[in-house]
Amino acid sequence: MRLSRLFLPTEREAPADAEALSHKLMVRAGLVRQVGAGLWSWLPAGWRVHEKVVQIIREEIDAIGGQEMLMPVMQPAELWKKSGRYGFPEQFRLNDRKGAEHVLAMTHEEVVTLHVSGAIRSYRDLPKILYHFQVKERDEPRPRAGVLRTREFIMKDSYTFDRDAEGLQAGYDLHAEAYARILERCGLEWYSVEADVGMMGGSMAHEFMAPCAAGENDVALAPGYAANVEIASADAQDPGPLDLDGEHHTPGLTTIDAVAGALGVPQGRLLKAFPVVLEGGERVDVFVRGDHRVNEFKLRNALKTGYRPAREDEIGRPAGFLGPSDDVRTVYDAAVGEGPWLVGANRADWHEVRSVQGETLDVRTVVAGDTVNGAAITVEPAIEVGNIFKLNTRYSEPLGATFLDENGKEQPVWMGSYGIGPARIAAAAVEQFHDEQGIAWPKAIAPYDVEVVALGKPNSDEARAAESLYGELQAVGLDVLLDDRAAGAGEKFADAELLGCPLRLTVGKRSLESGAAEAVARRGRADLDPVPLDGPVEAVRERWRGLP
RNA sequence: CGGGGUGUAGCUCAGCCUGGUUAGAGCGCCGCCUUUGGGAGGCGGAGGUUCGUCGGUUCGAAUCCGACCACCCCGACCA
């Protein structure tokens, strides 16, 4: 492609409202443009990146036996009512001209299960892996960070259909391995973590995370351990000594900070109350250490039910001075030992030191420095680029996807669901690989493999030499971008570094004199051995092999 | 949904507080010339349905008031 003809609107300055690096750089480099909140167009160069990621995903899912298909975005509401997923706040709903209700799909479990339920009859028809690349529509409460969190995006989602839990495990493992290969090939730094199953239902989930500053998830890491902090579990640090006894007058001191400060006690020696009401109506007081925080995901999972914070009139004791009480079910976080602890005395303006005993559940959010198998964890932000879920029979049962086993007995199909987002992979790559000058793409997903910068005027000897280099490289199947614009050298170099193609070849007067084009690796802006203008292909291939 | 902020040229912004000829700058864009190894220079020029929308105040509104809309950031939320 000739840059003089490419629709590549680069900008010197980042959009004023952009925060995330990938947002700024992808807009500046002319890869994407915003249409509305969480709605983005991919311009030609950006789309090339997206589609390179798509192709890698396709090859790896095909390799584990996936069969590509396509299902519609707009779907009858009926189907979603059956699965019990109609009416989510982030679901776009609309009526057709006859008034019939439809939804715009946020994912495709319902439809794919519908097809399977209609076509799969026998255990002989299983297993199956079906997948497609399709637009997902989600009315996100808060789209953000450019292309990282949008209301409309393309996802590869695949679904496995098996006869039992073992089969599902096999499909799950195949996807975990395929995702590992995809992210490796895309050149990302990544890891997989245990994850909350969330509203998808099912029994097991892993997320594939790309660590970067703009990440929306926090991940707890230790040697041999990686988990989303939503579910991470670790041993707590020593809270420090408690040299105190008896009751203490603490007038107006309702916060951990205030009480710990006034009595000279480490915050970790206090207990903090979190009064809740379960979905069934039961009142529960949850206690965690003063230096810890209740983790809402872990608490919901540990209680095995939803809950809401209790209102003041439901607590029945003075808020701010809550301690364990015999009158209400009490749950202690696993990091809360017998004590003694400094706790609220259940009457205003008093705290007391006492030991505690009772039901124990792991419900706190881990913090950096906690330990797993003796090793301290770190917590870092990451982008979720893919996830895999065991759905079990969450969808097959309501949607009637069953098969007959060898004994002629009807059984529900066991399902798994596996998503991965090309746009997030592209944005994560930008987050991870950039510098002051711009993007430094991994070579597998760069918009072009090589950018040839032609210096000198159009039709000069340099320009003609660049043209011929361009032609020779193209002829052997490389994706080559030729900067043939009538622009100054500085502008061409600046744009090339912004766009971030892995290999840049410069043809100017110097190269005519030496008979070789200068070669620069975008990553690290490292000078490579020059490429001879006479027979450049082998040299370019050799330089290319060495690039990340 | 709560809090904060922003809407003026393709982009980044000034002007608004303290209302008053024809609404400005830089970059970008067009023409000509010069230049051609790091966003170079000169001359000339175009570009705003008149300042997000609607309404109000006023002799007069980009500027003051109100409502609404859009977008961004923080939080809530996030299959």
Side-chain angles (χ1 to χ4, degrees), chain A residues 9-20 23-24 27-28 30 33-40 80 83-85 88-91 103-110 136-146 148-151 153 155 157 159 195-202 205 207 214-217 228 230 296-297 308-309 383-384 386-389 391 394-395 417-421 424 436-438 453-463 466 483 485-498 504-514 517-518 520 525:
Chain A
T10 58
E11 296 288 346
R12 283 192 184 207
E13 294 175 83
D17 51 23
E19 289 290 315
H23 182 184
K24 292 180 182 172
V27 171
R28 282 192 56 209
R33 282 292 185 271
Q34 183 167 20
V35 176
L39 301 171
W40 289 81
W80 292 73
S83 72
R85 291 209 299 174
F88 283 9
E90 57 269 32
Q91 186 169 58
V103 308
L104 300 181
M106 35 205 293
T107 176
H108 283 75
E109 278 81 6
E110 278 78 2
K136 310 295 166 193
E137 302 282 351
R138 299 178 187 180
D139 196 358
E140 291 283 351
R142 185 148 100 82
R144 79 181 108 188
L148 274 180
R149 182 164 212 88
T150 56
R151 295 195 293 173
F153 62 97
M155 179 167 90
D157 41 328
Y159 304 93
D196 188 68
V197 294
M199 71 191 294
M200 287 293 290
E207 291 166 340
E216 296 186 277
N217 296 88
N228 195 316
E230 289 173 0
E296 297 177 21
F297 294 90
R308 60 172 173 81
I383 298 177
E384 179 188 351
N387 52 39
I388 58 179
F389 287 96
L391 298 172
R394 161 69 180 84
Y395 293 91
S417 155
Y418 316 88
I420 194 165
R424 281 196 173 174
E436 283 297 301
Q437 282 67 230
V453 175
L455 300 178
K457 293 179 189 174
N459 291 319
S460 62
D461 290 343
E462 305 90 289
D483 192 345
R485 297 174 301 175
E491 190 176 347
K492 292 184 177 185
F493 290 139
D495 272 349
E497 279 158 2
L498 184 56
R504 189 179 89 209
L505 300 175
T506 306
V507 182
K509 276 207 183 91
R510 283 184 210 158
S511 25
L512 291 184
E513 284 158 16
S514 68
E518 282 139 72
V520 178
R525 297 208 292 168

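Naming: A, B, ... by sequence-line order, numbering from 1 per chain.
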| According to a strict under-4.0 Å criterion, is A/Arg142 in side-chain N/O contact with OP1 or OP2 of B/A76? | no
| Minimum heavy-atom distance between A/Thr506 and A/Ser511, given as atom pair plus value | O-OG, 3.7 Å
| Does OP1 or OP2 of B/G28 have a side-chain N or O of A/Arg12 closer than 4.0 Å? | yes
| query | Rounded to the nearest 0.5 Å, how far does CZ of A/Arg151 lie from CG of A/Leu104? | reply | 11.5 Å
| message | Can you check the distance between B/G20 and B/C11, where both ends of the measurement are the C1' atom (answer in whole Å)? | response | 31 Å
| request: Using the C1' atom on both, measure B/A46 against B/C27 and round to a whole Å. | output: 16 Å
| field | Spacing of the C1' atoms in B/C13 and B/C54 (rounded, Å) | value | 27 Å
| request: Determine the interatomic distance between C1' on B/G28 and the same-named atom on B/A40; round to the nearest Å. | output: 16 Å
| request: Calculate, to the nearest 0.5 Å, the distance between atoms CD and CH2 belonging to A/Glu109 and A/Trp80 respectively. | output: 7.0 Å
| request: Counting heavy atoms from C-beta on, name the nucleotide in B/C71, B/A76, B/C78 closest to the side chain of A/Gln34. | output: B/C71
| B/G3 and B/U49, which share atom name P, separated by this distance in whole Å | 34 Å
| Reading 5' to 3' through nucleotides 4-12 of chain B, protein heavy-atom contacts under 4.0 Å coded B for base, S for sugar-phosphate only, - for none | -------SS
| query | What is the nucleic acid contact for A/Gly508, judged by heavy atoms within less than 4.0 Å: base, sugar-phosphate only, or nothing? | reply | base
| query | Can you tell me which stems RNA chain B forms when a stem means 3 or more consecutive Watson-Crick or G-U pairs under 3.5 Å? | reply | B:1-7 with B:69-75, B:10-13 with B:24-27, B:29-33 with B:41-45, B:52-56 with B:64-68
| field | Spacing of the C1' atoms in B/G48 and B/G41 (rounded, Å) | value | 29 Å
